[in-house]
Amino acid sequence: MRLPWRGPQLDGMRMADDPFDAESEPLQGLPSVVARDDVDEAEWLRRMRHSAAHVLAQVVLEMFPEGKIAIGPPIDTGFYYDFDLPRPLTPEDLSEIQKRMRKEIGRNHRFIWEEITVAEARTRFADQPFKQELIDQFSLDSDRLGICTHAGFTDLCRGGHVESTRQIGPLRLTNVAGAYWRGDEQRPQLQRVYGALFATREELDAHFARIEEAQRRDHRRLGRELELFAFDELVGAGVPLLLPDGAIVRQEMERLIRELQDARGYQEVWTGHLARGELFRRSGHLENYSDVMYPAMHEHNEDGEDGDAYFLKPMNCPVHMTLYNNTLHSYRELPLRYAEYTTLYRFEKSGQLSGLTRVRSLTQDDCHIFITPDQITDEVSRVLELVQTLFETYGMPNFRYELSLPGEGGKFVDDADAWSFAVRALRDALDAAGIDYVEQQGEAAFYGPKADLFVSDVMGREWQLSTIQLDLIQPARLGCVYVADDGERRTPVVIHRAIHGSFERFMGILIEHYAGAFPLWLAPKQARCIPIADRHQDWANDVAAELRAAGLRVDVDDGNERMQAKIRNGQRRKIPYLLVIGDREVESKSAAVRVRTGEDLGAMPLDQIRDMLTRLKVSRVSEPV
RNA sequence: GCCGGCGUAGCUCAGUGGUAGAGCAACGGUUUCGUAAACCGUAGGCCGAGGGUUCGAAUCCCCCCGCCGGCUCCA
């Protein structure tokens with residue numbers, strides 16, 4: 001099934017199934033109204049949520065008799081209903097609606113479901129244009145349609161209810177948001193009222209507690225608290241500014257991917273930030289992606305007219321292919337792997353920007369791999385291994401793959417043979433690697449299919465990180481060739497791939513993954529010496545100097561606060577190791593080691609501390625031990 | 001980009017037409033302390049920007065910018 005609700009979107013907001021698919025409800029072939037014991041817990045919860053949506057619609061129509069109703073499905077954490085109302089709903093309206101809903105629920109109205117003819121439905125919902133549109137659609141499959149009535153309110157509905165309103169669990173209306181009718185930007189924007197609903201009060205409370213906990217891990221908040229990065233409207237929206245500590249994290253990420261790629265035959269190139277418009281015209285990007293490219297910059301001609309157009313690069317591929325053309329290549333040189341870490345610029349719409357996860361200046365760990373067609377499976381497997389290694393290093397096991405295929409519509413290059421070859425090759429490589437994936441029609445790049453890796457952020461939004469894309473189109477457009485073993489010139493296949501995706505987005509995800517408590521190798525400050533009194537400062541400085549000489553990031557808290565306060569500050573800064581130094585440690589040339597977890601390892605000789613921290617750093621283990 | 005909410009000190013927030021506030025952080029001093037907050041003091045603001053209403057605007061109106069939540073989009 002095509003999932004229209006992918007991308008950066010709250011898990012909790014995602015629909016349980018497609019409300020526009022007449023086939024998909026009620027589940028389990030069950031009657032539209034059932035008793036509690038007839039269904040399992042999950043189905044009962046879905047029914048409570050869907051029933052609550054009916055009550056919501058009832059109440060809203062009572063308050064706004066001229067309002068138009070759209071759809072009201074259950075979602076992972078509750079329900080919503082879309083309305084077209086004469087005025088925007090205010091937070092006060094929301095409280096009023098909630099109050100009325102609880103009152104109606106208390107009246108214990110029964111849900112009565114019945115089937116009527118299409119003609120009856122049309123009459124019945126004569127003043128409801130959205131329902132008329134649904135009737136148009138559903139009547140293609142069936143000449144009878146379901147309606148559900150409670151408290152004198154009737155909704156077009158496939159069913160899926162509890163018996164009566166008192167069976168509906170505890171709920172709270174959470175927010176109102178704009179939502180396009182049928183998810184189509186070209187169609188009217190409706191007001192969507194979201195509600196949270198769980199089977200018990202405890203689960204409802206736990207839901208909101210989870211949201212609060214998630215907010216504490218939010219990378220935007222931690223980025224400010226830990227002084228990792230900042231945004232400033234004077235510099236520009238969507239342009240992340242890394243503070244010294246954030247820059248260290250990024251340098252460590254770059255260091256890691258360079259090491260991994262150097263060991264796998266990658267070669268780093270560097271191609272700057274600008275390229276002529278003609279390049280992007282030939283590659284096809286200007287035609288397909290000009291809306292996310294920053295507007296053209298023009299050279300100044302002597303006569304004052306605009307000269308050649310230049311663009312900030314939104315991606316590297318056409319430049320790398322041009323670079324490939326710098327010399328003639330033999331099949332013996334392939335695979336040729338051009339890696340680059342240069343910042344790219346994409347004009348993301350203002351409403352899309354989100355901390356580090358969606359920015360306008362982003363730095364991919366990009367690479368274009370030039371191969372022969374029969375090297376596809378093998379090379380994709382190598383890339384998959386690299387992805388696996390990277391995510392293991394970060395200790396991030398929770399990701400999923402998507403295989404994005406072409407669909408109908410103009411953007412996909414018209415070359416059926418190339419597409420079917422590329423899709424088959426990519427699918428084979430994924431299967432060979434034993435990777436689970438979901439196929440998505442119509443999500444491919446314009447030049448080829450891709451396998452993308454998705455990870456959820458702490459708020460439940462999914463973000464694409466790694467991507468592996470097969471391109472059988474652009475190399476031909478840009479005239480890339482290699483000399484095959486028979487002496488013929490052939491067009492190489494190009495794999496576009498990024499492993500972190502962008503360092504910016506990945507750092508945002510990492511901050512949340514670790515809740516700001518980076519493993520030692522990534523931590524901006526790896527240890528801090530805490531002298532208990534001023535007379536301990538000399539040894540504390542010596543300890544720090546020795547550790548720094550071993551390549552560790554260590555400082556000394558020489559303020560005049562009490563040790564307890566210094567520990568508290570270090571702990572809140574999430575520094576992996578605090579080295580407390582008092583009389584005993586000065587005497588024995590040691591430091592008392594306190595782990596970030598709160599564990600006290602006691603006094604350890606300096607050599608032993610240095611060896612331990614060095615080992616942690618070099619091995620890049622995820623959890624300090 | 002669209003709908004809604006929000007923008008007051010570095011951070012978290014109070015202040016709804018009449019002289020800008022608190023806590024924490026910062027800074028100065030005192031204290032020299034054994035595993036998550038010592039004490040005293042000082043400073044800190046074009047109340048996001050611009051325009052308007054008013055005798056008077058943080059407060060009301062308009063417009064812009066930014067942030068947050070959705071929607072749509074995402075090479």
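Heavy atoms only: backbone and side chains are in, while hydrogens, waters and symmetry mates are out. Not measured: the values here are computed from a predicted model. All chains are named by letter (A, B, ...) in the order of the sequence lines, taking the proteins before the strands, and each is independently numbered beginning at 1.
Partners of A/H285 according to the ring pair (Phe, Tyr, Trp, His ring centres under 6.0 Å) rule, which considers only residues two or more places apart in sequence or in another chain, are A/F446. Partners of A/R535 under the salt bridge (Lys or Arg N to Asp or Glu O under 4.0 Å) rule, at least two apart in sequence or in another chain, are A/D583.
Judged by a 6.0 Å distance limit and a 45° cone about the ring axis, A/R594 is not positioned over the six-membered ring of A/Y577. Stacking of A/R276 on the aromatic ring of A/Y310 is not recorded, the 6.0 Å distance cut-off and the 45° axial limit not both being met. Remark: A/R172 qualifies as a cation-pi partner of A/F208 under the 6.0 Å distance and 45° angle criteria applied to the six-membered ring. Geometrically, A/R400 engages A/F454 in a cation-pi contact defined by less than 6.0 Å to the ring centre and at most 45° from the axis.
Taking the P atoms as reference points, B/G21 lies 13 Å from B/A58, given to the whole Å. Taking the C1' atom of each, B/C63 and B/G52 are spaced 10 Å apart, rounded to whole Å. B/C65 and B/C24 are spaced 38 Å apart, taking the P atom of each and rounding to whole Å.
A donor atom on one side chain and an acceptor atom on the other are found under 3.5 Å apart for A/Q474 and A/D471. Inspection of the A/Y180 and A/R182 side chains reveals no N or O donor paired with an N or O acceptor under 3.5 Å.
Pairing of B/U35, defined by two Watson-Crick or G-U wobble distances under 3.5 Å, is not identified with any nucleotide. The nucleotide B/U53 finds no pairing partner, because no Watson-Crick or G-U wobble arrangement with both distances shorter than 3.5 Å includes it. Look at B/C73: it lacks any Watson-Crick or wobble partner with both distances under 3.5 angstrom.
Side-chain atoms of A/R187 stay outside donor-acceptor range of the base of B/C71, with no qualifying N/O pair under 3.5 Å.
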Task: Contact letters for nucleotides 1-16 of chain B, in which S counts primed atoms plus P, OP1 and OP2 and B counts the base, heavy atoms under 4.0 Å - done: BBBS------SS----
TODO: Treat primed atoms plus P, OP1 and OP2 as sugar-phosphate and everything else as base, then score nucleotides 28-41 of chain B 5' to 3': B for base contact with protein heavy atoms under 4.0 Å, S for sugar-phosphate contact only, - for none.
DONE: --BBBBBBBBB---
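Scanning residues 465-477 of chain A for heavy-atom distances under 4.0 Å to RNA chain B yields A/Q469.
As a whole-Å value, the separation of A/L94 CG from B/G69 C1' is 13 Å. If you take CG of A/D291 and C1' of B/C73, they are 9 Å apart, rounded to a whole angstrom.
Residue pairs that meet the salt bridge (Lys or Arg N to Asp or Glu O under 4.0 Å) test with at least one member in residues 312-321 of chain A, sequence neighbours left out, are A/K313-A/E340.
When heavy atoms are screened at a 4.0 angstrom cut-off, A/K450 is found touching the sugar-phosphate backbone but no base atom.
Ring planes of A/Y324 and A/Y338: perpendicular class, angle over 60° (limits at 30 and 60°). Note on ring orientation: taking the six-membered ring where Trp is involved, the planes of A/Y341 and A/F503 are tilted (angle from 30° to 60°).
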